[in-house]
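Below is one structure, written out as structure tokens, with a few remarks after it.
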Amino acid sequence: MKHFINFDAISDLQNAVQEVRSLKKNPFASEQLGKHKTLGMLFFNPSLRTRLSTQKAAQHLGLKTMVMNFSNEAWALEFEDGTKMSGLRSEHIKEAAAVVSQYCDVVAIRAFASLSDKQKDEEEQVLNNFARYASIPVINMESATAHPLQALADAVTIDEHKLTKRPKIVLSWAPHPKALPHAVGNSFTKMVQQMDADFIIAQPEGYELNPEITKNTPVIYNQEEALEEADFVYAKNWCSYKEYGKILRTDSSWMLTAEKMKLTNNAKFMHCLPVRRNVVVSDDVLDHPNSLVIEQANNRTFAAQWVLKQVLQNG
Ligand code: CP
């Protein structure tokens with residue numbers, strides 16, 4: 001694996017999940033691998049889990065880390081070629097990526113979608129230009145369209161908790177007051193498509209994800225119907241993809257509640273966090289023993305450690 005920019009970088013998910021589970025049992029087995037090497041972590045957006053779990057993963061491998069809040073501490077970047085840089089952008093990505101490559105052996109980047117320019121968001125301008133101009137491996141810590149580190153951690157969490165060979169997994173849209181990107185929904189969908197699972201997306205009409213990602217995954221517009229006999233329920237908000245960036249509804253009828261969870265097969269509840277209590281999901285679901293949200297967050301460390309190991313060995 002040279003770069004880890006989207007979930008397609010994982011060629012064998014089942015093998016990756018088993019390797020992540022082994023790392024979790026013995027996290028210091030490869031603590032010499034990153035000795036005298038540095039992971040640079042560039043954040044264009046806020047983070048709690050990704051920032052801390054990726055640093056912890058690096059520590060397990062003996063890597064040093066350098067963390068920079070790029071959006072307010074670095075020079076504003078220009079991404080277009082041939083531009084006369086007489087405006088607010090002070091540094092071109094060509095130099096920035098090349099310079100970061102002098103100080104670091106691997107660079108991990110978080111750069112969310114603008115939700116205003118669909119074409120630019122889908123081009124993954126920040127991640128792809130770093131990959132183009134850096135001479136070191138690039139890792140996605142959530143980009144405009146993908147959050148593959150989260151999806152790998154979620155795959156591990158499902159593997160640890162499934163009670164049947166082929167569980168029913170429901171990705172349910174849930175309400176949120178802000179327009180949120182599609183990255184988590186996209187990567188979760190791509191990940192579950194590679195699992196042996198009965199997978200359904202439940203959402204209100206108008207909230208269809210990119211059809212190039214959902215492909216043949218069934219979409220149900222009735223949440224209660226989708227939840228019937230589910231083994232895992234993954235709640236997540238995203239804004240409209242078709243009417244790009246828009247919030248089409250704000251009512252609470254799609255919030256996950258204990259009453260709705262009664263329709264399931266005693267399902268485990270999942271969310272990537274951060275989550276807005278009693279907006280996305282009610283307290284009684286989040287505080288129930290079937291909630292896996294903290295275990296998902298814990299597995300972020302070992303998912304990131306597996307990815308760092310791959311790029312250190314093969315990047
Ligand atoms: N789930 C997740 O990526 O959390 P953070 O945004 O806090 O990193």
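Atoms within each ligand, like the ligands themselves, are counted from 1 in listed order. Predicted, not measured: the structure shown is a model, and the values here were computed from it.
Taking 4.0 Å as the cut-off between side-chain N and carboxylate O, Asp159 and Arg21 count as a salt-bridged pair.
Side chains of Ser143 and Asn140: a donor on one and an acceptor on the other come within 3.5 Å. A donor atom on one side chain and an acceptor atom on the other are not found under 3.5 Å apart for His92 and Glu80. In this structure, a donor-acceptor pair under 3.5 Å is present between the side chains of Asn266 and Asn290.
Looking at ligand 1, you won't find any N or O of Arg51 less than 3.5 Å from one of its N or O atoms.
Neither the backbone nor the side chain of Met141 comes within contact range of ligand 1; no heavy atom lies under 4.0 Å. Neither the backbone nor the side chain of Val184 comes within 4.0 Å of ligand 1, counting heavy atoms alone.
Each of the following atoms of ligand 1 lies closer than 4.0 Å to a heavy atom of Arg300: 1 (N), 2 (C), 3 (O). Contact atoms of ligand 1 toward Cys272: 1 (N) (distance under 4.0 Å to a heavy atom of the residue).
Ligand 1 lies less than 4.0 angstrom from a heavy atom belonging to His147.
Closest to atom 7 (O) of ligand 1 among all protein heavy atoms lies Leu48 N, 2.7 Å. Scanning the protein for heavy atoms near atom 6 (O) of ligand 1, the closest one is Arg110 NH1, 2.8 Å. Closest protein heavy atom to atom 4 (O) of ligand 1: Arg49 NE, 2.9 Å.
The side chain to side chain contact (heavy atoms under 4.5 Å, CB included) with Val17 is formed by just one residue from the set Val156, Asn299, Thr157; it is Val156.
Phe70 and Phe44 have tilted rings, their planes meeting at an angle from 30° to 60° on a 0 to 90° scale.
Ring pair Tyr241/His182: centre-to-centre distance below 6.0 Å.
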